[in-house]
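Just so you know, these numbers come straight off a predicted model, no measurement behind them. Lettering follows sequence order; numbering is per chain, from 1.
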Amino acid sequence: MPIVLSDASFSYPDGSLAVDSVSLRINDGERVAIVGQNGAGKTTTVKMMNGLLKPSTGSVLVDGVATTERTTATTARSVGYVFQNPDDQIFGSDVQGELEYMPKYLKWDQEKTEARVARAAKMTGIRRFLKVNPNDLPFAIKKFVAISAILVGDCKYVILDEPTAGLDGRGLKLLNRLMDELEAEGVAVIAITHDMRFVVDSFTRVVAMANRKIIADGGCTEVFGNDEVLSEAKLKRPEVPQLARDLGLSTTALHLDDVVTLIG
Amino acid sequence: MGSSTVHELDQDFINSFRSPATAGNRIRDLNPISFAIIMLSCSVTAIALPGPAGPAAICLLFAVLSVAAGLAKTFLPLYGKLFAVVGLILFVLRAAFLPGNHILWTVGPISISAEGIIQGLNFSLVVMAVCGAVTFFFAVTPMKNLMLALEQRGVTPRATYIILASFQAITDLGKNTKVVMDAQKSRGIETEGGMVRRTTAFLPILAPVFLAAMSQTEERALALDARAFNSRNRHSHLVSLRPVSSAEIIVVCAVALGAVLSIVGAVFIWN
Amino acid sequence: MELVSLRNVGFTYAYGDKPALTDISLTIEPGLLYGVVGLNASGKSTLCSVIRGIIPHFHHGELTGEVRIMGKDLLDWDPAELSKSIGYVFQNPFTQISGVKETVFEEIALGLENLGIEREEMIERVTVVVRELGLEALIRKNPNELSGGQRQKVAFASIIAMDADFIIIDEPTSQLDPDASEAVFGIIRQLKERGKSIILVEHKIDLMAEYADRIIVMKGGQVVMEGPARDVLVSDGLGDAGVPYPEVTELAFALARAGKPLSSVPITRAEAAQLVSDRIKEAPHAHSAL
């Protein structure tokens, strides 16, 4: 069962719109990148998916149930959301305690707790930090701790807000591996990101937002091939595809290998 | 650059820094120090004047001034609540337990005397006048103006920063509460519902939130240092306060003189 | 005269069990833009802290070796003077707001107040950075209520307004969209053109290739390489330190592996465009054969 947003809008208490009539369907196990300028409405859109924000008009259905019908906590157990700022999400005095917080709340038995925590820590590469206070970790690693805490749960959908911010090459590889593992398990990943190369390399579907609306939704080739969309959403093509385009080699090639074959 | 809609620079707002900060009201534009002296004098007068009429008049004066300052809507309900709770309790306690000769009623072990009522009225009105002075002062004076006035009188920026930051910390704590509750909801912890449920979701992370706030203080101190906050040269100010007019000085002196006279009266005449 | 010189510098944080920096010898010349790259936790931010004197004046620990800033030993510097002479934009965008100003305009002016700048000049300078960074719509907003990206821009603007001749910038664009990132880099370029010395930590290697004069590569608390951007960004040392190459450089490597190398290895898109179009002109048949 999917997440379905139908003409969902969200307005602030003062009446101004943060998201304007968005329709979007996220299928099981899908990978979707949401891109667009700061302030385009991306974070508000994903917060509606996990029920943190309820649509002012229109509807958001998760697995067929409207988010307005359930508490946020219930929705959030199937739609995990990793905040942009890990400090807003991590409260434990050590990483292990942080990861075991939910299992304790849900009264899981020890076996399941250990298995889920070990899996999450392994996937995010933070096993060697389990005894460390998260506040002593660099921003990027703290973010992996936040991701790990969400992965301990049994989410069917995981939302990552700016997962590549401050991430080095090794972290990026780890993130990609993690997304592959989630895909293999049938867990959908929705990522908000400004990193276009990450989008091209790791996602098949892109949703572009500008001025509180969705202005494009489709495959990478299609969205990155459309100059109008790119300029309206203030996006930049990655370097190599832009090069291929500048030289008139191809308007659709996105990957390095494709461009290598194009150059004689 | 950098924005999909081109925003005009709000020149009026920028220009507002070029002239002294004003709230467009004479009372609110008084220098915070002048106003503090006036409010202090009012408190002293209320204590010295014979009650209950004296302190009652001062309480009434605050109400009238709040209307003149255009702050009646925020000040009067607050002051009313203080009267209803603090004033009433003080009055009842005094009236009920002070011994006197003219007993009006006797209810069980409690005898209410005419002296008790007068004393209770006096005492609670004096306390309400002092409370009123403090409340009205903070209703009228923005904290940042007060700090600016203090800095101009030689208080170090470090001291005013600590005061301002403490007040901000209270606001932040309220905001952090929302963030914490959002985070709790996001990981599947029920927070919606009755007080008990909210509290059980909130309490376990209260201590960590405080600790995290503490560790952020260090980063904040560094960020301030990056803004040359510790530099020893004289700091300048973007915002300026109106210069103190001679009329203002006269008013302050008059009110202070009133306070002195009422003390003299209290010592030599009324007693 | 050299701006900063480090000789055999090592540092261990007071609470750390192993050194964060080991045996670093490095010279920073004035007027250049130095890019610092390396994996997370490789010592980039710690190196910046030493160069800015936050270590040992603020973060305590064991500092060994010799650090000279503008010819004067770090230990002889008055920390307050250092904060005036060297601008510093921190990595975490969420903790750089002073918390005591009610509007963004006043927040950006805070540093200038502390420097004792006169009001008219202060208004002038704040207005200029607000324009440069496109912050017009934010100037009345409460800085405590901004999003991550907005905070990052305001924090950057606040330091730029102070106009120090030497500025250290630690990941200024981690929360920014591509457009805003380019705006920030555009400003960094202008600063360089005005003769400022800049040390910049940044993961966006394509932007680094475009703007940096020299690159410092760090790995495990050591400087493993330092040299002109052009040399470093195509070297094996970069890959060995776990740092990705610029995209067009990777393209050139891939072409070489496919047996069709370019005549030299580019680091920017403009160079790559030139090299690739030269080669297409040389071998039109190869292209049409596809």
Side-chain angles (χ1 to χ4, degrees), chain A residues 35-40 42-43 83-88 133 136-144 161-162 164-173 193-197 200 230-231 233-249 255-257 259-264, chain C residues 15-16 37-42 45 91-95 137 147-150 152-153 171 173-182 203-206 209 239 242-244 246-248 250-251 254-255 257-258 260 262 268-270 272-273 276-277 279-280 282-290:
Chain A
V35 299
Q37 258 193 307
N38 291 119
K42 306 184 299 290
T43 296
F83 288 28
Q84 187 181 1
N85 180 5
D87 290 337
D88 289 347
N133 184 329
D136 294 336
L137 294 171
F139 190 84
I141 295 171
K142 231 193 270 185
K143 189 95 180 203
F144 273 117
D161 200 340
E162 304 281 9
T164 63
L167 218 56
D168 57 29
R170 190 165 59 186
L172 204 59
K173 269 189 205 122
T193 180
H194 292 311
D195 184 339
M196 294 308 134
R197 195 171 175 193
V200 168
L230 294 190
S231 91
K234 303 267 177 190
L235 301 174
K236 299 263 184 312
R237 256 179 217 106
E239 295 285 294
V240 166
Q242 185 63 46
L243 177 75
R245 209 178 167 90
D246 293 347
L247 293 171
L249 294 171
H255 300 283
L256 204 95
D257 298 343
V259 179
V260 169
T261 31
L262 285 171
I263 299 171
Chain C
Y15 56 81
V37 298
L39 292 174
N40 291 129
S42 60
S45 294
Q91 183 184 9
N92 187 340
F94 299 99
T95 48
S147 72
Q150 290 170 333
Q152 194 160 35
K153 281 196 256 185
E171 289 191 45
T173 68
S174 61
Q175 310 286 328
L176 300 185
D177 59 55
D179 213 45
S181 299
E182 294 241 339
H203 285 296
K204 291 173 183 156
I205 199 78
D206 296 314
V243 179
E247 263 190 77
V248 291
E250 262 183 46
L251 177 71
L255 282 169
R257 279 196 301 273
K260 31 190 182 181
L262 298 171
T268 65
R269 201 171 75 224
V276 174
S277 68
R279 112 154 267 125
I280 292 171
E282 269 168 35
H285 306 296
H287 186 53
S288 56
L290 283 169

So, the part of A:Leu247 with a heavy atom under 4.5 Å from chain C: the answer is side chain
If you measure from NE2 on A:His255 to OG1 on A:Thr261, what distance do you get to the nearest 0.5 Å?
11.5 Å
Going from NE2 on C:His203 to CD on C:Glu171, what distance comes out if it is rounded to the nearest 0.5 angstrom?
4.0 Å
Among C:Asp206, C:Val248, C:Ile205, C:Leu176, which residue forms the greatest number of heavy-atom pairs with chain A at distances under 4.5 Å?
C:Leu176
Top contributor to chain C interface from A:Gln242, A:Arg197, A:Arg170, A:Gln84 [non-hydrogen pairs under 4.5 Å]
A:Arg197
Heavy-atom pairs under 4.5 Å with chain A are the metric here; pick the option from C:Val243, C:Thr268, C:Leu251 that has the most.
C:Leu251
Using the rule given for side chain to side chain contact (heavy atoms under 4.5 Å, CB included), can you reason through A:Asp246 versus C:Arg269, listing the C-alpha separation, both sets of side-chain angles and the distance that settles it, and then say yes or no?
CA-CA 10 Å; A:Asp246 293 347; C:Arg269 201 171 75 224; 3.5 Å; yes
What one should report as the nearest heavy-atom pair of A:Phe144 and A:Gly171 is CZ-O, 3.5 Å
What residue in C:Ala273, C:Ala254, C:Gly149, C:Ser277 has the most heavy-atom pairs under 4.5 Å with chain A?
C:Ala273
Heavy atoms only: give me the nearest A:Lys42-A:Val35 pair and the separation to one decimal.
CD-C, 3.6 Å
Just by distance, with hydrogens left out, do A:Glu162 and C:Gln175 show a side-chain donor and acceptor under 3.5 Å apart?
no
Given A:Gly36, A:Ala244, A:Gly166, A:Pro138, the one with more heavy-atom pairs under 4.5 angstrom with chain C than any other is A:Gly166
Identify which part of C:Glu182 has an atom lying under 4.5 Å from any heavy atom of chain A, answering side chain, backbone, both or neither.
side chain
